[in-house]
Amino acid sequence: SSPPLPPDPNVLPFLGTLHWLREGLGGLESYLRSVHHRLGPIVTLRITSLPAIFVADRSLAHEALVLNSAVYADRPPPATISKIVDKHNISSGSYGATWRLLRRNISTEILHPSRVRSYSHARHWVLGILFDRFRKYRGQEPIVLVDHLQYAMFALLVLMCFGDKLDEKQIKQVEFIQRLQLLSLTRFNIFNIWPKFTKLILRNRWQEFLQIRRQQQDILLPLIRTRRKIVEERKKRSKEEEEDNKDYVQSYVDTLLDLELPDEKRKLNEEDIMNLCSEFLTAGTDTTATALQWIMANLVKNPEIQEKLHEEIKSVVGEEAKDVEEEDVEKMPYLKAVVLEGLRRHPPGHFLLPHSVTEDTLLGGYKVPKNGTVNFMVAEIGRDPRVWEEPIVFKPERFIGDEEVVDITGSRGIKMMPFGAGRRICPGIGLAMLHLEWFVANMVREFQWKEVEGHEVDLTEKLEFTVVMKHPLQALAVHRRSD
Ligand code: HEM
């Protein structure tokens, strides 16, 4: 009498998934699209021995993530690789006291709007670096934009994480090792399947994994130790002396040094802190740089949208202001619409991170078992033709109206959910939206972005850690104002 699992398209569970596995995870999405078409918005695949449920419908997503949010707030137990790189981090932590503590810490101590404001000087510093780089191309040579955007996001998040302005060489080292780890993760995921056996058979690859991990320790641990010393010395100084030191800005590492793990009754060790810093850097750089690249690509492809945006920016900040300020972006509805349209049409993650449920439950009349994973199809939901007219067209105007057209947090209903929804919603949503709006506004204010002949904008997607442009955007940045 117990309700069945959502329908499974394969008569022979494991064999059935082989044909998309050949194409990698990118193949999974198009396979699922055809399966949903046949079997409805909720289906089961057997990728491992545990059922993996896939949800492609906004109402079911809302029912699960928002209306039933406590039940869906768990994550599947970590596999071999995750046990090492994600140990005690937020994104893979199970729904319990440790997750709650770490999530509260990042949300209130680093990502709270008042704290985010305190990093404004860092954003101006990074914008200066970006613009110096762009000017060197004199509007004549193509810029591969994503390389610069990634560097800019790293410069910014490294500063928020470790507190100090590092030099270019140090920032590049951090960027190098974090990206190496991220991009090679798919190759190492094989160790999640029969680890004892695969570690033996693929000995060299396992050694490579450990080597990357050591390299990461060599780069990140000294930064953490330096910061610890600064914090300890600061504690020794008197309150008055500290109040005079107006330049001091709290970093993520500062907030982690004294945290105590509730389950294990001990402070975080260096490795825990490194994992949390690594998560912070990865979560906030690649996602934002990817989204920025997609938005800029659409502005280059649609010059009339870019000009309309430029007109709005000029009307708010005037002709002479040096940079667009952070308060200014709040007065730019078209800018917000451009960013939302970018996130709808090209969400950096096409799936949320896998969720799991704290108890057996029901969704859409089917059973969702405690031991399975539940995956939500973000890109499909944002491109649902029943909600979005001409969903493939880039049309910011769809977000302009008398009423709020979309609630990006999904709490009052989901039409798109690039940041997820419910208890596991991305805690960086405010910072990410600020970075997207502010950097787009400043880049469009300062330069006209033009297509390069022979390198027309190509919106083909490719799955890396996020879904990126298969052919990265190349564009000319023509300075709008004479120096
Ligand atoms: C455009 C930029 C970003 C996008 C599109 C994005 C998207 C997401 C998504 C889809 C999730 C998973 C939600 C779920 O599983 O239900 C997530 C989780 C997370 N994000 Fe973001 N994110 C962005 C920027 C950031 C930034 C700037 C930070 C912090 C510096 C951040 C930190 C996190 C963390 C810590 C989690 C795990 C939350 C948890 O499991 O409780 N993200 N993000």
Side-chain angles (χ1 to χ4, degrees), residues 55-69 72-75 89-93 95 99 102-104 106-108 110-113 115-116 149 153 156-157 160 279-295 329-330 335-355 374-384 387-388 396 398-399 404-440 465-468:
V55 178
D57 176 79
R58 67 192 190 102
S59 309
L60 291 178
H62 187 252
E63 184 183 330
L65 294 169
V66 178
L67 301 181
N68 229 339
S69 95
Y72 282 82
D74 215 355
R75 297 281 191 215
N89 75 5
I90 304 167
S91 48
S92 54
Y95 184 52
W99 169 80
L102 295 173
R103 174 141 181 147
R104 195 180 323 117
I106 198 172
S107 303
T108 57
I110 296 295
L111 299 173
H112 188 271
R115 190 70 74 194
V116 165
L149 297 176
M153 288 306 127
L156 206 45
L157 269 94
M160 291 176 74
E279 172 186 60
F280 180 79
L281 295 172
T282 301
T285 53
D286 202 67
T287 45
T288 313
T290 300
L292 276 174
Q293 178 180 219
W294 282 116
I295 293 166
V329 298
E330 285 156 28
L335 170 68
K336 181 162 233 109
V338 165
V339 168
L340 287 176
E341 180 65 342
L343 289 168
R344 179 196 69 80
R345 177 67 183 80
H346 306 281
H350 280 203
F351 294 86
L352 297 186
L353 299 174
H355 284 241
V374 196
N375 305 277
F376 295 89
M377 299 186 70
V378 176
E380 279 301 287
I381 289 174
R383 297 172 191 174
D384 184 344
V387 178
W388 304 100
R398 61 173 101 238
F399 290 97
E404 194 190 12
V405 180
V406 70
D407 161 27
I408 190 92
T409 67
S411 50
R412 278 171 278 131
I414 292 176
K415 285 187 176 174
M416 58 190 270
M417 52 168 189
F419 297 99
R423 290 192 196 202
R424 287 283 185 162
I425 192 172
C426 173
I429 183 169
L431 181 70
M433 287 301 284
L434 173 67
H435 283 171
L436 295 176
E437 291 175 8
W438 191 73
F439 278 97
V440 169
F465 172 67
T466 49
V467 176
V468 298

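Residue numbers count from 1 along this sequence.
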Check: [Y] and [X] side chains under 4.5 Å, non-hydrogen atoms:
{"X": "Arg398", "Y": "Val406", "value": "no"}
{"X": "Met377", "Y": "Asp57", "value": "no"}
{"X": "Ile110", "Y": "Pro427", "value": "no"}
{"X": "Arg412", "Y": "Asp407", "value": "yes"}
{"X": "Lys336", "Y": "Phe399", "value": "no"}
{"X": "Val55", "Y": "Val374", "value": "yes"}
{"X": "His346", "Y": "Val467", "value": "no"}
{"X": "Leu340", "Y": "Pro418", "value": "no"}

Spatial distance of atom [atom1] ([X]) from atom [atom2] ([Y]) [nearest 0.5 Å]:
{"X": "Leu65", "Y": "Met417", "atom1": "CG", "atom2": "CE", "answer": "5.5 Å"}
{"X": "Thr290", "Y": "Ile295", "atom1": "OG1", "atom2": "CD1", "answer": "10.5 Å"}
{"X": "Ile90", "Y": "Trp99", "atom1": "CD1", "atom2": "CH2", "answer": "9.5 Å"}
{"X": "Leu353", "Y": "Phe376", "atom1": "CG", "atom2": "CZ", "answer": "11.5 Å"}
{"X": "Glu437", "Y": "Leu335", "atom1": "CD", "atom2": "CG", "answer": "5.0 Å"}
{"X": "Met416", "Y": "Arg383", "atom1": "CE", "atom2": "CZ", "answer": "11.5 Å"}

Could you tell me whether the side chain of [X] and the main chain of [Y] form a donor-acceptor pair under 3.5 Å?
{"X": "Arg424", "Y": "Ala73", "result": "yes"}
{"X": "Arg58", "Y": "Lys415", "result": "no"}
{"X": "His355", "Y": "Tyr72", "result": "yes"}
{"X": "His62", "Y": "Ser411", "result": "yes"}
{"X": "Asp74", "Y": "Tyr95", "result": "yes"}

Which pair of non-hydrogen atoms, one from [X] and one from [Y], has the smallest distance, and what is that distance?
{"X": "Pro396", "Y": "Ala337", "answer": "O-CB, 3.4 Å"}
{"X": "Val66", "Y": "Ala421", "answer": "CG2-CB, 3.9 Å"}
{"X": "Pro348", "Y": "Thr287", "answer": "CG-O, 3.5 Å"}
{"X": "Leu352", "Y": "Gly420", "answer": "CD2-CA, 3.4 Å"}
{"X": "Val378", "Y": "Phe351", "answer": "CG2-C, 3.8 Å"}

Ring-face cation of Arg344 near Trp388 (centre distance under 6.0 Å, axis angle within 45°): yes
Test log, rule side chain to side chain donor-acceptor pair (under 3.5 Å), inputs Ser92 and Arg75: CA-CA 6 Å; Ser92 54; Arg75 297 281 191 215; over 6 Å; no
Derivation and outcome, side-chain contact (heavy atoms from CB on, under 4.5 Å), residues Leu343 and Met433: CA-CA 10 Å; Leu343 289 168; Met433 287 301 284; 3.7 Å; yes
Pair His112-Ser107, side-chain contact (heavy atoms from CB on, under 4.5 Å): steps then yes or no: CA-CA 6 Å; His112 188 271; Ser107 303; over 6 Å; no
Qualifying residue for side-chain contact (heavy atoms from CB on, under 4.5 Å) with Arg104, from Ile106, Thr108, Leu102: Thr108
Step-by-step side-chain contact (heavy atoms from CB on, under 4.5 Å) determination, Leu292 to Phe439: CA-CA 8 Å; Leu292 276 174; Phe439 278 97; 4.2 Å; yes
